[in-house]
Protein chains: 2
Amino acid sequence: MAYDQLLLSNQLCFRFYALERELMAAYRPLLDHLGLTYAQYITLLYLWEHEKATVGELCTALSLDTGTMSPLLKRLESAKLIERHRLPSDERTVEVLLTKKGRALEQKAVSIPGNIATCLLSSDRDEQGKKYAELREMLDQTLEQLKRTRKEREAGK
Amino acid sequence: MAYDQLLLSNQLCFRFYALERELMAAYRPLLDHLGLTYAQYITLLYLWEHEKATVGELCTALSLDTGTMSPLLKRLESAKLIERHRLPSDERTVEVLLTKKGRALEQKAVSIPGNIATCLLSSDRDEQGKKYAELREMLDQTLEQLKRTRKEREAGK
DNA sequence: TTCTGTTATATTGTTCGCAACTTAATTGAA
DNA sequence: TTCAATTAAGTTGCGAACAATATAACAGAA
C-alpha cells in the first residue's frame with residue numbers, strides 16, 4: 001500500500017458518511033417548511049407514488065426496519081398525514097393510507113428535488129446531466145456490490 | 001423534465017442515504033469485534049493519527065457538533081480508551097488523549113479498511129484502483145459543492 | 001383440532017445527530 | 001478595572017436507526 005489506510009483523509013467511507021450528513025443538512029431547511037424529517041419525506045414519496053402500502057412494503061422499499069418505521073408512522077399519523085388500519089383478510093398486516101392532508105402535501109414538496117439538485121451538482125449547466133448520470137451509476141454499482149457482499153457473508157456465516 | 005423527480009427511484013439523494021446505511025451495516029460486525037460504533041471508530045482514527053486533540057478539533061475534523069461529541073467522548077472515556085482534561089492555559093478547552101489501551105486498539109483495527117474495501121469495490125481486481133479514484137473524486141467534488149451552496153445560503157439569509 | 005413454527009408489526013433500550021440552551025472561562029472595549 | 005460579548009464544552013430533548021425481544025395472527029403437520 002502506498003499510503004496509510006487508517007488515515008481519515010484516505011477513507012472513502014468517511015466521505016460517504018460526511019456527504020450523507022451534509023446532504024441531510026441541505027434538506028433540513030426545505031423539509032422544516034413542511035414539518036417533515038427526511039425519513040418521513042421519503043416515506044411520503046413512496047405513498048405519493050403508490051397511494052397505499054403495508055408497513056412491510058415500506059420497510060423493504062426504504063431499507064428500514066420496523067423499529068424505525070413503526071414510530072415514524074405513528075408520528076405521521078398524529079400529524080394527520082396518514083391513516084393505519086389492519087387488513088381484515090390478515091389481521092397481522094397493517095395498511096398505510098394517505099389522508100387528504102397527506103395527499104395535499106405533495107404539492108408543497110414538488111420544488112424540493114430541483115432545489116436539492118442545485119445544491120448537489122456543479123453550477124455548470126452543461127456538466128449537470130453527465131455528472132448526474134455518472135454519479136447515479138457509481139452509487140448504484142457500489143450499493144449493489146455492498147448488498148452482494150453482505151448476503152454472501154450472511155450465507156457463509 | 002423527462003421523468004418524475006418525486007419518484008424515489010429517480011432520487012440521487014436516496015441512493016446516498018441508502019448507501020450510507022448499507023456501508024455502516026458492513027462496518028458493524030467488524031467494529032462490534034472492537035466494541036466500537038462507527039462514530040467512535042473515526043474519533044479514534046483521528047487520535048491514532050494525531051495522538052491528542054481538543055474537543056473542538058475533533059468536532060471540526062469529523063463535522064460533528066458538541067452535542068454528539070461530548071457524550072461520545074464520555075463513553076470512550078468510560079471504556080478507558082481515552083482521557084480528558086482541561087488545559088491549564090485555557091480552562092474552557094478540553095484536551096483528549098489516548099490511553100495505553102486506546103493506543104493498543106489500533107493494532108486490532110488495521111484490518112478493517114481492507115476488509116471494507118472488499119465489500120465496497122468490485123471483485124475485478126484491475127478495476128479497483130480506477131474505480132476507487134473516480135468515486136473519491138466524485139464524492140469530494142459533490143461534498144465541496146454542497147458545502148459551497150450551504151455557505152452561500154447561510155450568508156444570503 | 002391442536003400444537004409448532006412462521007410471519008407482521010410493535011416495543012424497549014442504546015447510540016447517533018442536531019437544535020437550542022446552559023455554564024464557565026476568556027477577551028476586549030469603555 | 002469592569003462588564004458586555006465571545007468562545008469552548010456540556011446538557012436537554014427529539015427523531016432517527018437498529019438489535020433484541022414481545023405480541024398476536026396465521027399456516028401447516030400430526
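Atom set for the values below is all heavy atoms of this structure, side chains included, hydrogens, waters and symmetry mates excluded. Note on naming: letters A, B, ... go to the chains in the order of the sequence lines (proteins, then strands), and numbering restarts at 1 for each one.
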Mind calculating the distance between [atom1] ([X]) and [atom2] ([N]) to the nearest angstrom?
{"X": "B:R86", "N": "C:dA24", "atom1": "CZ", "atom2": "P", "result": "10 Å"}
{"X": "B:L87", "N": "C:dA24", "atom1": "CG", "atom2": "P", "result": "19 Å"}
{"X": "A:L73", "N": "C:dA8", "atom1": "CG", "atom2": "P", "result": "16 Å"}
{"X": "B:Q40", "N": "C:dT15", "atom1": "CD", "atom2": "C1'", "result": "8 Å"}
{"X": "B:E91", "N": "C:dT23", "atom1": "CD", "atom2": "P", "result": "19 Å"}

Q. If you pin B:T68 and B:S89 to their nearest nucleotides in DNA chain C, which one's is more 5'?
A.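 Per heavy-atom nearest nucleotide, the more 5' residue is B:T68.
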Q. On DNA chain C, nearest-nucleotide positions of A:K74 versus A:D90: which is more 5'?
A.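 Nearer the 5' end of the strand: A:D90.
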Near DNA chain C, counting only heavy atoms under 4.0 Å, which residues of [range] show up?
{"range": "residues 53-65 of chain A", "answer": "A:T54, A:V55, A:G56"}
{"range": "residues 92-99 of chain A", "answer": "A:R92, A:T93, A:V94"}
{"range": "residues 25-38 of chain A", "answer": "A:R28"}

Q) Taking only residues two or more places apart in sequence, or in another chain, which ones meet B:R148 in a side chain to side chain donor-acceptor pair (under 3.5 Å)? A)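 Side chain to side chain donor-acceptor pair (under 3.5 Å) check on B:R148 returns B:Q145.
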Q: Apply side chain to side chain donor-acceptor pair (under 3.5 Å) to B:E137 and list each qualifying residue two or more places apart in sequence or on a separate chain.
A: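 For B:E137, the residues satisfying side chain to side chain donor-acceptor pair (under 3.5 Å) (neighbours in sequence not counted) are B:Q141.
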Q. OP1 or OP2 of C:dC16 sitting under 4.0 Å from any side-chain N/O of A:Y17?
A.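 So the side chain of A:Y17 is outside the cut-off, no N or O lying under 4.0 Å from OP1 or OP2 of C:dC16.
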Q. Is any side-chain nitrogen or oxygen of A:S70 closer than 4.0 Å to OP1 or OP2 of C:dA10?
A.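 For C:dA10, OP1/OP2 do have a side-chain N/O of A:S70 under 4.0 Å.
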With sequence neighbours excluded, give me every salt bridge (charged side-chain N to carboxylate O under 4.0 Å, His left out) pair touching [range].
{"range": "residues 51-61 of chain B", "answer": "B:E51-B:R103, B:K52-B:E95"}
{"range": "residues 23-49 of chain B", "answer": "none"}
{"range": "residues 59-82 of chain A", "answer": "A:E77-A:R84"}

**Q.** Nearest non-hydrogen partners of A:L47 and A:I82, listed with the distance
**A.**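 Shortest heavy-atom separation between A:L47 and A:I82 comes out as CD1-CG2, 3.8 Å.
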Q. What heavy-atom pair brings A:T68 and A:L64 nearest, and what distance separates the two atoms?
A.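 Heavy-atom minimum between the residues: CG2-CD2, 4.1 Å.
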Q. For DNA chain D, whose closest nucleotide is more 5', that of A:E20 or that of A:T66?
A.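 Final value for this comparison: A:E20.
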Q. Under the salt bridge (charged side-chain N to carboxylate O under 4.0 Å, His left out) test, which residues partner A:R21, sequence neighbours left out?
A.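 With sequence neighbours excluded, A:R21 shows a salt bridge (charged side-chain N to carboxylate O under 4.0 Å, His left out) to no residue whatsoever.
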Q.
Any heavy-atom pair between the side chains of B:T43 and B:L58 that's under 4.5 Å?
A.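 When only atoms from C-beta onward are counted, B:T43 and B:L58 do touch, with a gap below 4.5 Å.
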Q. Residues two or more places apart in sequence or in another chain: which of them pass side-chain contact (heavy atoms from CB on, under 4.5 Å) with A:L30?
A.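 Scan of A:L30 (side-chain contact (heavy atoms from CB on, under 4.5 Å), adjacent residues dropped) gives A:I112, A:N115, A:I116.
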Q: Check side-chain contact (heavy atoms from CB on, under 4.5 Å) between A:A61 and all other residues, then give those that pass, not counting sequence neighbours.
A: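 Scan of A:A61 (side-chain contact (heavy atoms from CB on, under 4.5 Å), adjacent residues dropped) gives A:Y46.
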Q: Using modelled atom types only, decide if a donor and an acceptor are shared between the side chain of B:R86 and the backbone of B:E91 within a distance under 3.5 Å.
A: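 Confirmed, B:R86 side chain pairs with B:E91 backbone.
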Q) Would you call B:K147 and A:E22 a salt bridge, using N to O less than 4.0 angstrom? A)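 No salt bridge links B:K147 with A:E22.
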(Q) Need two values: the first and the last nucleotide of DNA chain D, 5' to 3', having an atom under 4.0 Å from any heavy-atom of chain A. (A)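 Counting from the 5' end, contacts occupy D:dG15 to D:dC26.
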Q. Which of parallel (below 30°), tilted (30 to 60°) and perpendicular (above 60°) describes B:W48 and B:Y41?
A.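 Because their plane-to-plane angle is over 60°, the rings of B:W48 and B:Y41 count as perpendicular.
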